[in-house]
Amino acid sequence: MKTVGIVCFRNDLRLADNLALAAAVQDCDFVLPIFIWEAKDSWAEGGASRWWLHHSLCEFSRSLKELGAKLIIAKGNFKSTLLPLTSELKATRVYWNRRYDPFGRREDAEAEKALQATGVLVKSFNSSLLHEPHLVLTKSGGPFKVFTPFWNNCSTRIDIEDIKRPPRSITPPEAAIASLSVGDLALEPKIDWASGIRAVWSPGEKGASEQLEVFIDEMLEHYQYGRDIPSTDQVSRLSPHLHFGEIGPRQVWLAINKACVGASKSSELRKSADIYLKEIGWREFAHHVLFHFSDTADTPLHAKFKSFPWRKDDMQLKAWQKGQTGYPIVDAGMRQLWQTGWMHNRVRMIVASFLTKHLLISWHEGSRWFWDTLVDADLANNTLGWQWASGCGADAAPYFRIFNPELQGEKFDPDGTYVRRWCPELNKLPSKWIHKPWKAPKDVLESAGVELAVNYPEPLVDHAFARVRALAALDSIKSRD
DNA sequence: TGAAATGTTGGGGCG
DNA sequence: ACGCCCCAACATTTC
């Protein structure tokens with residue numbers, strides 16, 4: 001009797017280092033790859049993510065075809081799509097890589113139970129994290145809530161020797177299985193707003209590995225300094241590829257360490273590599289925190305923040321979203337996000353601090369906006385980042401840490417290259433004033449063609465005022481746990 | 001993975 | 001020569 005297996009793909013759209021796929025190909029005579037587009041109650045993929053997913057699925061489907069298989073596309077509930085398919089195919093095995101987000105865990109658990117009840121063997125694997133979240137615990141048995149001890153605990157026991165290579169070929173079942181096309185999922189925007197995104201990204205496994213290679217060859221050595229200069233993009237830009245599983249953290253880990261072979265511990269390359277791997281560690285940490293505290297996407301980890309006096313101000317929220325706050329570094333970041341689906345991490349921290357501390361608008365508004373506009377929107381990373389920046393989450397920045405957007409701009413974009421790129425109306429301002437046009441002398445503004453409140457806004461709030469207001473608001477919830 | 005306020009120090013101008 | 005003051009420059013603390 002020949003064995004038929006089904007491999008379910010989700011955010012693991014790659015052939016290499018894909019444990020579920022590798023096991024299915026090894027165990028089964030016939031393998032059916034399927035992608036099920038599930039309807040989600042909340043946190044359904046945003047516009048930019050959907051654009052990415054469309055193209056990633058097209059790429060993945062193409063590369064499966066080269067191995068002889070056809071990616072089946074279906075739409076619906078995970079369990080109730082899978083169950084009839086197993087009986088139709090007489091499949092006795094189902095494979096997938098485990099999900100660790102609340103929705104995914106729930107759906108997978110239900111499907112596993114139902115499949116097992118019908119005698120189907122379910123085999124699941126970890127292809128998206130370096131560790132199983134339930135295996136990284138403090139001495140007292142609880143999850144870590146602070147990054148450094150977390151990373152000290154688990155970065156030292158990562159031992160990756162080799163990764164699974166892509167299968168040479170896949171033999172599909174003989175029966176013809178109905179499938180939608182990728183286009184039928186209607187993931188692409190109806191009006192084409194994605195040109196700016198298209199120009200800078202290549203979704204898919206090939207794009208991911210090329211990006212990793214470029215990062216290692218051209219940027220890794222000076223990453224420790226370059227990573228903070230947003231005009232240079234000396235960063236990996238792997239986040240969307242990692243989110244959709246076009247590359248996995250094990251592959252990144254191995255490649256970075258291979259690039260350091262022969263480099264001494266104190267070399268700049270090795271130092272930079274460790275700082276970069278620590279960012280992979282933050283990704284890991286975020287996923288573990290969401291695993292252990294599964295309501296944090298909607299609820300602050302620190303309970304006292306439930307009573308924080310957030311302001312509701314749609315005008316100011318819109319100004320922030322559109323990059324019209326009057327603080328150039330903030331506006332540049334928000335426009336980069338809108339136009340390219342991505343923002344440099346240094347600038348993410350600045351704009352998040354600005355929304356939650358200067359405007360006192362809830363981190364929920366920020367995480368929702370990022371969710372819709374980022375190509376790398378990831379529930380775990382997005383949640384941790386916003387809770388961290390606003391002070392209510394794991395390893396939160398102390399509440400008094402309020403970024404001064406003027407100083408941050410001058411420190412990390414000293415000649416204003418980043419601001420000039422995304423706020424062209426400020427292009428002619430001298431560097432001295434590029435991060436504080438409201439302070440510039442009249443004649444300087446005039447000769448640069450900048451008219452405050454006409455072609456570039458006045459600051460939405462005064463920094464000194466906003467700082468005092470934020471401190472007072474934070475003081476009002478002090479020790480109210 | 002801050003910034004502002006406050007404290008300390010030491011060189012130089014000046015009577 | 002000496003003390004006094006000013007104020008960068010740097011360090012510490014506070015928010």
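Convention: sequence-line order gives letters A, B, ...; per-chain numbering from 1.
When each of A:His288, A:His287, A:Glu132 is checked for a side chain to side chain donor-acceptor pair (under 3.5 Å) with A:Tyr100, only A:Glu132 meets the rule.
Applying the 4.0 Å criterion to OP1 and OP2 of B:dA4, one finds that A:Asn404 has a side-chain N or O inside that range. For B:dA4, the OP1/OP2 oxygens have no side-chain nitrogen or oxygen of A:Arg401 closer than 4.0 Å. Look at A:Gln408 and you'll find a side-chain N or O under 4.0 angstrom from OP1 or OP2 of B:dA3.
Nucleotide B:dA5 holds its C1' atom 14 Å from the CZ atom of A:Phe400, rounded to whole Å. At whole-Å resolution of the value, CE in A:Met349 and P in B:dA3 are 11 Å apart. Atom C1' of nucleotide B:dT1 and atom OH of A:Tyr223 are separated by 11 Å, given to the nearest angstrom. Between A:Phe465 atom CZ and B:dA4 atom P the separation is 16 Å, expressed in whole Å. Nucleotide C:dC15 holds its C1' atom 15 Å from the CD1 atom of A:Ile477, rounded to whole Å. Across the protein-nucleic acid pair, A:Trp388 atom CH2 and B:dT1 atom P stand 9 Å apart, rounded to whole Å. In this structure, A:His463 atom NE2 and B:dG2 atom P are separated by 13 Å, rounded to whole Å. A:Leu407 has its CG atom 12 Å from the P atom of B:dG2, to the nearest Å.
By the 6.0 Å contact criterion, CH2 on A:Trp151 is enclosed, its count of non-hydrogen atoms from other residues, nucleotides or ligands being greater than 12. For NZ of A:Lys428, the number of neighbouring non-hydrogen atoms (other residues, nucleotides, ligands) closer than 6.0 Å is 12 at most. When the shell of 6.0 Å around NZ of A:Lys436 is examined, it contains more than 12 heavy atoms from other residues, nucleotides or ligands.
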Could you walk me through whether A:Val214 and A:Glu210 satisfy the side-chain contact (heavy atoms from CB on, under 4.5 Å) test, starting with their C-alpha distance in whole Å, then the side-chain angles of each, then the deciding distance to 0.1 Å, before giving a yes or no? CA-CA 6 Å; A:Val214 167; A:Glu210 284 172 359; 5.5 Å; no
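A side-chain donor-acceptor contact under 3.5 Å links A:Arg50 to the backbone of A:Ala186. In this structure, the side chain of A:Ser209 engages the main chain of A:Lys206 through a donor-acceptor pair within 3.5 Å.
Between A:Trp51 and A:His55, the ring planes are tilted. Angles from 30° to 60° get that label.
When heavy atoms are screened at a 4.0 angstrom cut-off, A:Glu406 is found touching no nucleic acid atom at all.
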Under 3.5 Å, which protein N or O atoms sit close to an N or O of nucleotides 8-11 of chain C? Give each pair with its distance.
none

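Between A:Asp331 and A:Gly326 the shortest heavy-atom distance is OD2-N, 2.9 Å.
Contacts between residues 467-474 of chain A and DNA chain C, defined by a heavy-atom separation under 4.0 Å, are made by A:Arg467, A:Leu471.
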